[in-house]
Protein chains: 2
Amino acid sequence: MPIDIPTPGQPVRGSSTGKPIMALFDLLGRSWALGVIWQLSDRALTFRQLQTACEGVSPTVLNKRLKELTASGFVVRNDQGYLLSPSGAQLLALLRPLGHYSEDWAETFTQTGESLAGHSPDAPRPGP
Amino acid sequence: MPIDIPTPGQPVRGSSTGKPIMALFDLLGRSWALGVIWQLSDRALTFRQLQTACEGVSPTVLNKRLKELTASGFVVRNDQGYLLSPSGAQLLALLRPLGHYSEDWAETFTQTGESLAGHSPDAPRPGP
DNA sequence: CAGATTCGCTACACTATGCGTAGCAATACA
DNA sequence: TGTATTGCTACGCATAGTGTAGCGAATCTG
């Protein structure tokens with residue numbers, strides 16, 4: 001089974017001609033892809049450390065995402081484990097603002113008292 | 001069966017306590033979510049127009065994504081069809097830079113003859 | 001009014017993707 | 001030698017996404 005990795009210029013989800021943005025969205029729009037990049041923001045992590053950092057990710061999927069992300073040039077390996085490549089760090093820089101945005105977004109839920117039944121007490125959201 | 005929509009403060013993929021950024025990633029990390037937002041960037045689209053714009057999306061999933069995105073406050077409806085809410089437009093503004101980035105990223109594939117996808121066999125492994 | 005077209009959306013069977021657990025080979029240290 | 005940790009695979013099950021067909025409502029057309 002050849003691994004299916006979204007590649008610009010090749011048919012991807014959202015574009016039969018492989019428009020770069022759609023290839024990127026196809027890649028990032030898979031479970032845990034964004035989370036993995038986020039966790040690698042400031043440090044290298046081993047496979048098991050990543051497993052722990054991404055609560056609940058199965059090793060099967062983690063391995064798949066890591067292969068996709070390395071093949072796409074966002075992630076590399078060294079003796080410390082997995083870490084972002086320069087290109088990956090560049091991508092993360094573009095994703096960073098989403099962190100602040102998400103906190104503003106979250107407030108719209110607490111303000112309107114949206115169904116929050118049975119939520120466990122949580123510290124004020126710490127940045128990654 | 002209640003639809004499962006990632007909500008800050010509730011357990012989501014990547015955070016049992018529902019950290020906002022993880023809830024957002026859970027939401028955007030589902031197929032077509034990013035693509036739908038992207039397509040609505042500059043105009044309102046009807047359901048069928050969206051179906052056409054997102055080549056190959058099934059109506060089942062499109063409907064699901066639209067429900068999630070409206071419930072999350074990113075998308076609204078008017079007589080013209082679906083369009084981004086102010087909050088959604090704000091989110092899109094943060095995603096826009098990815099468009100340019102993806103173009104640069106795509107060049108790394110054409111430069112290397114599009115065969116970057118085969119990842120190098122082995123890097124030095126992190127010793128336990 | 002009858003017919004045709006388009007609309008948003010649902011039903012349903014099939015396939016792909018992800019999950020959870022177990023566990024293996026390799027390395028490191030005792 | 002034994003124990004522990006590493007990266008990672010196997011496998012069975014559950015969920016998410018695909019593809020096609022088609023419904024009821026609304027809007028044109030004659």
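All chains are named by letter (A, B, ...) in the order of the sequence lines, taking the proteins before the strands, and each is independently numbered beginning at 1. Every value quoted in this text rests on a predicted model; they were computed, and no experiment measured them.
- For C:dC19, one of the phosphate oxygens OP1 or OP2 lies less than 4.0 angstrom from a side-chain nitrogen or oxygen of A:Trp32.
- Criterion: ILVMFWY side-chain heavy atoms under 4.5 Å apart, direct or through other members. Under it, B:Leu27 and B:Val61 are part of a common hydrophobic cluster.
- Atom C1' of nucleotide C:dG18 and atom CZ of B:Arg30 are separated by 12 Å, given to the nearest angstrom.
- Proximity of a side-chain donor or acceptor of B:Thr70 to a complementary backbone N or O of B:Val76 within less than 3.5 Å is not detected.
- Side-chain contact between A:Val36 and A:Val57: absent, with no pair of heavy atoms (C-beta onward) separated by less than 4.5 Å.
- Contact annotation for B:Ser58: base contact, defined as any heavy-atom pair under 4.0 Å involving a base atom.
- Distance B:Arg13 CZ to C:dG20 P: 12 Å, rounded to the nearest Å.
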(message) Protein within reach of the bases, or only the backbone? For nucleotides 5-15 of chain C, mark each nucleotide 5' to 3' as B, S or -, using heavy atoms under 4.0 Å.
(response) --BBBBBB---
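- In this structure, the CG atom of B:Asp4 is 11 Å from the C1' atom of D:dA16, given to the nearest Å.
- For the atom pair B:Glu68 CD and B:Asn63 CG, the distance stands at 10.0 Å (nearest 0.5 Å).
- Using a 4.5 Å heavy-atom threshold, the side chains of B:Pro59 and B:Gln51 count as touching.
- Summarising the geometry, the separation between CG on A:Asp79 and C1' on C:dT27 is reported as 15 Å, rounded to the nearest angstrom.
- When atom types are taken as modelled, the side chain of B:Thr52 and the backbone of B:Arg48 share a donor-acceptor pair closer than 3.5 angstrom.
- Atoms CD (A:Gln80) and P (D:dG7) sit 12 Å apart, rounded to a whole Å.
- Among the protein residues, A:Val61 comes within range of the sugar-phosphate backbone only, with heavy atoms under 4.0 Å from sugar or phosphate atoms but none that close to a base.
- For the helix from C:dG3-D:dC28 to C:dC29-D:dG2, the end axes, each set by the C1' atoms of five terminal pairs, are bent relative to each other by 20° (nearest 10°).
- Side-chain atoms of A:Arg65 come within 3.5 Å of backbone N or O of A:Ser31 as a donor-acceptor pair.
- Sorted by first and then second residue, the side chain to side chain donor-acceptor pair (under 3.5 Å) pairs involving residues 89-102 of chain B (not counting sequence neighbours) are A:Ser87-B:Tyr101.
- If you take CG of A:Asp26 and P of D:dG17, they are 12 Å apart, rounded to a whole angstrom.
- The interatomic distance linking A:Leu34 (CG) with C:dG18 (P) rounds to 13 Å, in whole Å.
- Note on B:Arg65: every side-chain N or O is 4.0 Å or more away from OP1 and OP2 of D:dA16.
- No donor-acceptor pair under 3.5 Å is formed between the side chain of B:Ser15 and the backbone N or O of B:Val12.
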